[in-house]
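Presented below is the structure to which this report refers.
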Amino acid sequence: MSVEKTFAIIKPDAVESKNAGKILARIEAESFRVVALKRHRISKREAESFYGEHAAKGFFSSLVAYMTSGPVYVAVLERENAVAHWRAVMGATDPAKADAGTIRKEFGRSIERNAAHGSANPADAAREVTFFFSHAELI
Ligand code: ATP
Ligand code: MG
């Protein structure tokens, strides 16, 4: 296993409910290095592009409305096996099906309002990091 980067979003529901600090504490406790972090209001155009793979799904317009409903924290996280590890720490997409101790179990409200995003694979991670951050912001 080698050191790699993944991309994370602390989603609007978690920011609104003041759980962002707890999620960042968990990120640190999991030995991720926070390479970049910023508060951001995702635009409709950005959300439609970022979640473009889901454009044909019935939940797409609702997902875009949710992701643009309030500020988020976008972050780049680094550690060994970062992509898979962050997905494991987040838990299943549906908080009702997520394992105990995962972020989505603890902080998610529904299959849509599920507190956090994590890249699905290293290629997606590279694309998503570039989508939100310039090279100079990665420290
Ligand atoms: P993410 O890409 O945000 O890390 P994921 O990879 O676990 O989540 P995806 O299948 O990529 O899940 O879905 C993207 C997002 O769309 C989910 O995180 C959730 O917010 C929303 N979503 C997924 N499935 C549904 C659904 N059936 N109904 C409503 N919203 C959904
Ligand atoms: Mg996904």
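In each ligand, atom 1 is the first atom listed, and ligand 1 is the first ligand listed.
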| remark: Which of Phe50, Tyr66, Tyr73, Phe131 passes ring pair (Phe, Tyr, Trp, His ring centres under 6.0 Å) with His117? It is Phe50
| remark: To atom 27 (N) of ligand 1, the nearest of Phe59, Tyr66, Phe50 on a heavy-atom basis is Phe59
| Given Glu112, Met67, Arg113, Arg87, which one has a non-hydrogen atom that is nearest to atom 6 (O) of ligand 1? | Arg87
| query | What is the closest protein heavy atom to atom 3 (O) of ligand 1, and at what distance does it sit? | reply | Tyr51 OH, 2.7 Å
| said: Counting only nitrogen or oxygen atoms and a 3.5 angstrom limit, does Glu53 reach ligand 1? | reply: no
| said: If you measure every N or O of Gly118 against every N or O of ligand 1, does any of those distances drop under 3.5 Å? | reply: yes
| said: For atom 28 (N) of ligand 1, what is the closest protein heavy atom, and at what distance to 0.1 Å? | reply: Ile111 CG2, 3.6 Å
| Shortest protein heavy-atom distance from atom 17 (C) of ligand 1, along with the residue and atom involved | Asn114 ND2, 3.6 Å
| field | Protein heavy-atom partner closest to atom 7 (O) of ligand 1 - residue, atom, separation in Å | value | Thr93 OG1, 2.5 Å
| field | side chain to side chain contact (heavy atoms under 4.5 Å, CB included) partners of Ser62, counting only residues at least two apart | value | Glu112
| request: Would you mind checking which non-hydrogen protein atom is closest to atom 9 (P) of ligand 1, with the distance to 0.1 Å? | output: His54 NE2, 3.4 Å
| task | Would you tell me whether Glu46 and His40 have side-chain atoms, one donor and one acceptor, within less than 3.5 Å of each other? | result | yes
| note | In this structure, atom 2 (O) of ligand 1 is nearest to the protein heavy atom His117 ND1, 3.1 Å
| query | Can you tell me if Glu48 uses its side chain to pair, donor with acceptor, with the backbone of Arg45 under 3.5 Å? | reply | no
| remark: If you scan protein heavy atoms around atom 21 (C) of ligand 1, the nearest is Leu63 CD1, 3.8 Å
| field | Sidechain-backbone polar pair: Arg104 side chain, Met90 backbone, donor-acceptor under 3.5 Å | value | no
| task | Name all residues meeting the side chain to side chain contact (heavy atoms under 4.5 Å, CB included) criterion together with Leu138; count only those two or more places apart in sequence or in a different chain, and write none if there are none. | result | Val35, Ala36, Val76, Val129, Phe133
| Atom indices of ligand 1 within 4.0 angstrom of Lys11 heavy atoms, with elements | 3 (O), 17 (C), 18 (O), 20 (O)
| message | With a cutoff of 4.0 Å, is Arg104 in contact with ligand 1, counting heavy atoms of the residue only? | response | yes
| message | Any non-hydrogen side-chain atom of Leu77 less than 4.5 Å from a side-chain atom of Trp86? | response | yes
| request: Using side chain to side chain donor-acceptor pair (under 3.5 Å) as the criterion, point out the one residue from Arg87, Glu128, Arg127 that pairs with Ser119. | output: Glu128
| Has Ala120 got any heavy atom lying under 4.0 angstrom from an atom of ligand 1? | no
| Looking at the rings of Phe7 and Phe132, which for Trp means the six-membered one, are their centres under 6.0 Å apart? | yes
